[in-house]
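I have placed the structure first, in the form of structure tokens, so that the comments after it can refer back to it.
Numbers for residues simply follow the sequence, beginning at 1.
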Amino acid sequence: MTAATPTVEGLSELADLLTDGGAVVLSGAGLSTDSGIPDYRGATGSLRRHTPMTYQTFTRDPRGRHRYWARSYVGWRQIERARPNAGHRAVAALQQAGAVGEVITQNVDGLHQAGGAREVLELHGGLDRTVCLACGDMASRADLDVRLRTVNPGFRPEPTDEVNPDGDVELPEEALDGFVMVDCLACGGGPLKPDVVFFGETVPRDRVDACFALVDAARSLLVLGSSLTVMSGYRFVIAAAKRGIPVAIVNSGSTRGDAKATLKVDAPLGVVLPELARRLA
């Protein structure tokens, strides 16, 4: 370990675990906080401040859907500007070194791919795409943003808080009426939804099955920056533990999966992952 890197308890054991390769990564929002995207449940998590958009509200309440898109239109600026941090780049380096294989991410920001990672399975979808709720057409979020800029030339409200992990921001209620939303270009009228899994929405079964298959074939499961509070990610830790597959968790603070972990490293990802990549590369 270099002189500039503080001693991290468990780092040597983690390097030993990954030496033979075959690890599958399960990443959460804690990996993207150094890129300026807050998590939901950390010290500054957005769940501490407000309730995120739910699938039921988005699909059943036109006013709620309009509110989301107005907020997301403003929040997209920060998501679009976010860049991979040292943790994302280290995961890519670990892949190149053969220490880890596929990545299952609960994040929707696309930063793993931007950081050079390959074989990334987006469990909760991606903000860079939209889907029409009427015809199912998939389209680019960047293209939607161009359309929204055209029909909202004067819409520049000041957010009352930072961007949320699902890409929206808090806006004053009185600002919402000034926003104009557009519909699907493919069918001419269907409402658009970001291609992400909202709270209260079910992850597609085939995607879940693909994740279980990756975990089943793994030599170890490496959890990065996830509190594992929701079952969406925690179920893979349960599955690995049941099969006797070692589970290593790197996270600042406790997680729901600590009792099932073979190894827990309680330290910042921006410290642990670059040093881990340096050792294994």
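- Comment: Glu173 engages Arg63 in a salt bridge, judged by a side-chain N to carboxylate O separation of less than 4.0 angstrom.
- Between Phe198 and Phe58, the two ring planes are tilted [angle within 30° to 60°].
- Within the 4.5 Å cutoff, side-chain heavy atoms of Cys132 are placed close to those of Cys187.
- Atom-to-atom distance recorded for Thr19:OG1 and Leu14:CG is 9.0 Å, nearest 0.5 angstrom.
- Thr54 places no side-chain N or O within 3.5 Å of a backbone atom of Gly200 that could act as its donor or acceptor partner.
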Can you list the steps and then say if Arg65 with Thr57 is a side chain to side chain donor-acceptor pair (under 3.5 Å)? CA-CA 7 Å; Arg65 187 162 58 245; Thr57 298; over 6 Å; no
For the pair Gln113 and Glu122, evaluate side chain to side chain donor-acceptor pair (under 3.5 Å) and give the outcome as yes or no after the intermediate values. CA-CA 10 Å; Gln113 298 92 317; Glu122 295 176 310; 3.2 Å; yes
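- One finds no salt bridge joining Asp145 and Arg141 here, because no Lys/Arg side-chain nitrogen approaches an Asp/Glu carboxylate oxygen to under 4.0 Å.
- In this structure a side-chain-to-backbone donor-acceptor pair under 3.5 Å is present from Thr150 to Val146.
- Ring geometry, Phe179 versus Phe155: the interplanar angle falls from 30° to 60°, so the pair is classed tilted.
- For His88 (side chain) and His112 (main-chain N/O), no donor-acceptor pair under 3.5 Å exists by modelled atom type.
- Looking at every heavy atom in both residues, Ser252 comes nearest to Asp266 through CA-OD1, 3.5 Å.
- In the model, Thr105 has a side-chain atom that pairs as donor or acceptor with a side-chain atom of Ser27 under 3.5 Å.
- Counting only distance, with no hydrogens or angles, the side chain of Arg205 and the backbone of Thr202 share no donor-acceptor pair below 3.5 Å.
- Both Leu214 and Val247 belong to a common hydrophobic cluster when Ile, Leu, Val, Met, Phe, Trp and Tyr are linked at side-chain heavy-atom distances under 4.5 angstrom.
- Every residue two or more places apart in sequence or in another chain that forms a side chain to side chain contact (heavy atoms under 4.5 Å, CB included) with Arg207 is listed here: Leu121, Val197, Val203, Pro204.
- A donor-acceptor pair is defined here as one N or O able to donate and one able to accept, closer than 3.5 Å; such a pair exists between the side chain of Asn85 and the backbone of Leu31.
- There is no path of hydrophobic side-chain contacts, each under 4.5 Å, that joins Val215 to Leu18.
- Listed by chain and number, the residues in a side chain to side chain contact (heavy atoms under 4.5 Å, CB included) with Thr59 are Tyr55, Leu133 (sequence neighbours excluded).
- Judged purely by atom type and a 3.5 angstrom limit, Asp109 uses its side chain to pair as donor or acceptor with the backbone of Leu111.
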Taking it one step at a time, do Arg67 and Glu170 satisfy salt bridge (Lys or Arg N to Asp or Glu O under 4.0 Å)? CA-CA 10 Å; Arg67 179 185 301 110; Glu170 289 295 306; over 6 Å; no
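- With values rounded to the nearest 0.5 angstrom, Thr229 atom OG1 is found 11.0 Å from Met231 atom CE.
- You'll find the side chain of Asp183 stays beyond 4.5 Å of the side chain of Leu192, heavy atoms only.
- Counting heavy atoms from C-beta outward, Tyr68 and Lys193 have side chains that stay 4.5 Å or more apart.
- A donor-acceptor contact shorter than 3.5 Å is absent between the side chain of Asp137 and the backbone of Ala186.
- A side-chain donor-acceptor contact under 3.5 Å links Ser226 and Gln106.
- Under a 3.5 Å cut-off, the side chain of Lys242 and the backbone N or O of Ile245 do not form any donor-acceptor pair.
- With values rounded to the nearest 0.5 angstrom, Thr130 atom OG1 is found 8.0 Å from Asp195 atom CG.
- The only option from Leu221, Val223, Asp216 that meets the side chain to side chain contact (heavy atoms under 4.5 Å, CB included) definition with Val24 turns out to be Leu221.
- The main-chain N or O of Ser254 is never found under 3.5 Å from a side-chain atom of Asp258 such that the two would form a donor-acceptor pair.
- Leu269 and Leu280 end up in the same hydrophobic cluster when Ile, Leu, Val, Met, Phe, Trp and Tyr side chains are linked at under 4.5 Å.
- Between Leu263 and Ile249, the closest side-chain pair of non-hydrogen atoms is not below 4.5 Å.
- To the nearest 0.5 Å, atoms CZ (Arg89) and CD (Gln96) are separated by 12.5 Å.
- Judged by distance alone, the side chains of Ser32 and Ser35 never bring a donor and an acceptor atom under 3.5 Å apart.
- In this structure, Arg83 contributes its side chain and Arg81 its backbone to a donor-acceptor pair below 3.5 Å.
- Residues Arg235 and Val208 have side chains in contact (heavy-atom distance under 4.5 Å, counting atoms from C-beta outward).
- For the pair His124/Ser232, a side-chain contact is recorded, criterion being any heavy-atom separation below 4.5 Å from C-beta on.
- Judged by distance alone, the side chains of Glu102 and Gln95 never bring a donor and an acceptor atom under 3.5 Å apart.
- Applying the salt bridge (Lys or Arg N to Asp or Glu O under 4.0 Å) rule to pairs touching residues 7-21 yields nothing, sequence neighbours excluded.
- Taking hydrophobic clusters as Ile, Leu, Val, Met, Phe, Trp and Tyr residues chained together by side-chain heavy-atom distances below 4.5 Å, Val25 does not share a cluster with Ile238.
- Here the side chains of Leu224 and Leu26 are not in contact, with every heavy-atom distance at 4.5 Å or above.
- Taking the side chain as every heavy atom from C-beta outward, Met181 and Leu148 approach each other to under 4.5 Å.
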